[in-house]
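For reference, the structure discussed in these notes is given below.
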There are 2 protein chains.
Amino acid sequence: MSARRVNADELSRDKIIRKARFLFEEKGYRAVSMRSIAAELGCSHGALYYHFKNKEQLFYGMIEEDFAQLNQIIDTVMASEEHRAQKLRTLFLRFIEYGLNNQNQYEFMFLMKGEGVDGLMQSPANESYEKFAQAVFKLMDRPPAIYLIWSAFLSLHGFVSHFLGYAQSYSEAEAAAENHVTFVLRGLGNEGSC
Amino acid sequence: MSARRVNADELSRDKIIRKARFLFEEKGYRAVSMRSIAAELGCSHGALYYHFKNKEQLFYGMIEEDFAQLNQIIDTVMASEEHRAQKLRTLFLRFIEYGLNNQNQYEFMFLMKGEGVDGLMQSPANESYEKFAQAVFKLMDRPPAIYLIWSAFLSLHGFVSHFLGYAQSYSEAEAAAENHVTFVLRGLGNEGSC
DNA sequence: CCCTTTATTAACCAATGGTCAATTAATAGT
DNA sequence: ACTATTAATTGACCATTGGTTAATAAAGGG
């Protein structure tokens, strides 16, 4: 009612994002309206536009913090004690795992084009792919053609993007993922890993 | 203005679909509103709801006629005079070609979930996959494990779904497609085709 | 010529994303 | 302690969207 709340009741990027994450994870980007977020927070939807320029920026602000994750996953795999061939396999599996356990983020990173979010996600996605490609490059027995890495990535991407929405989490698709990764490794032609 | 037009000026499923196809192909599903279709047709948007239950049904009615295409493509490849190994390669390339030259349809068939269209497209998509899988099965030197075919499909799917929106048509991605198909064939482990 | 069916309009609805002037709490300056 | 400024918030507003519906006019059959 009153135009400004007392300190303790004030909003903050953090409060908003926490609630938004909950809702987005439950219902997906499109099914969550700015008004519904505001309602859950007990404020007017106008207030959200003080903290975030628009819905996309709010969503972006929310997954921004998770962006580093994929890169970190790659780093972790690279730093592990496994053999190179095994590392490669693990890398692929972890990629799928990441995609299916962070479906919102994945969708925005690699799947959403033509909704206005376009440009935003592009650079983090490219960054992540670059890191992925370099990791694969290092883990192969012989330096592979770049298009081979690209194909491997697209194949994993196909797997993830199909299971988005069908599988609730990675665990439900684990067996299939294992098979698919074997397939991709053979496609790469890395002798040691098949 | 008048509540009903003279015969010659009346709408028809066909007139609507023709205009709708033009718009959808140009701007994509979401960016085309029922009102914009009506405006282009010079009628009120209410009239559209006399001929189609809703936007989805209108879109579905539009691509329904094109659904047989993919199946037909598969048949054509199977009936060709090429060697089995070459057929397999051609099949994969034609699949990609279909996807990138019919981006709207492809998106609806294999990518759109959670927008209400869900159930509609499911069965034609499954049918097409079934046909695809059987074709691959027949063209392999040795009967492959089913999950191998599934992996091959997902890999092609990854390729197409990535290039959706980036490539205007198949021709722009042809070289990449060629490489990717080689990759997929190696993943399948069909001796004759690599 | 009337009556029924068919096609169309226009006014309406509830949601949505987004903007903005007005208002109030907090805060810094004097 | 008073005041001017700034930071948040509201709520009314906008255009657009998908969708519904009562009223109405043309077509067509008896």
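Each chain gets a letter, A, B and so on, in the order the sequences are listed, and its residues count up from 1. Since we're looking at a predicted model, the values are computed, not measured.
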Which nucleotide in the set C:dC13, C:dA26, C:dT16 lies at the smallest distance from any side-chain heavy atom of A:R4? C:dA26

To the side chain of B:S33, which of C:dA7, D:dT17, D:dT10 is closest? D:dT17

If I take atom CG in residue B:L58 and atom P in nucleotide D:dT17, what distance separates them, rounded to the nearest angstrom? 15 Å

Spacing between A:F52 atom CZ and D:dA8 atom C1', to the nearest angstrom: 14 Å

Check whether any side-chain N or O of B:R5 sits under 4.0 Å from OP1 or OP2 of C:dT9, and answer yes or no. yes

Using the closest heavy atom to pick a nucleotide of DNA chain D for each, name whichever of A:A47 or B:R35 lands nearer the 5' end. A:A47

Assert: residue with more 5' nearest nucleotide on DNA chain C, out of A:V32 and B:D9, is B:D9

Can you tell me the distance, in whole Å, between the CE atom of A:M34 and the C1' atom of C:dA14? 19 Å

Aromatic rings B:H180 and B:F183: how do their planes relate, parallel, tilted or perpendicular, breaks at 30° and 60°? parallel

Are B:F153 and B:Y129 close enough that their ring centers fall under 6.0 Å? yes

Parallel, tilted or perpendicular: which describes the rings of A:F24 and A:Y29, with under 30° parallel and over 60° perpendicular? parallel

Rounded to whole Å, how long is the line connecting atom CD of A:E10 with atom P of C:dT24? 16 Å

Please report whether the ring centroid of B:H157 lies less than 6.0 Å from that of B:W150. no

Side-chain N or O of A:Y49 less than 4.0 angstrom from OP1 or OP2 on C:dG18? yes

Does a side-chain N or O of B:H51 approach OP1 or OP2 of C:dT8 to a distance below 4.0 Å, or not? yes

For A:K55 and D:dT16, give me the distance from atom NZ to atom P, rounded to whole Å. 19 Å

Expressed as a whole number of angstroms, how long is the span from A:Y60:OH to C:dG17:P? 21 Å

Ignoring the backbone of B:C43, work out which of C:dT23, C:dG17, C:dT9 is nearest its side chain. C:dT9

How long is the line joining CG of A:L48 and P of C:dG18, in whole Å? 11 Å

What is the separation between atom CG on A:N54 and atom C1' on D:dA15, rounded to the nearest whole Å? 17 Å

For D:dA8, take OP1 and OP2 only and decide whether either is under 4.0 Å from a side-chain N or O of A:Y50. yes

Could you tell me whether the side chain of B:H45 has a donor or acceptor atom within less than 3.5 Å of a complementary atom in the base of D:dG19? yes

Under a 4.0 Å threshold between the charged nitrogen and the carboxylate oxygen, would A:E10 count as salt-bridged to A:K15? no

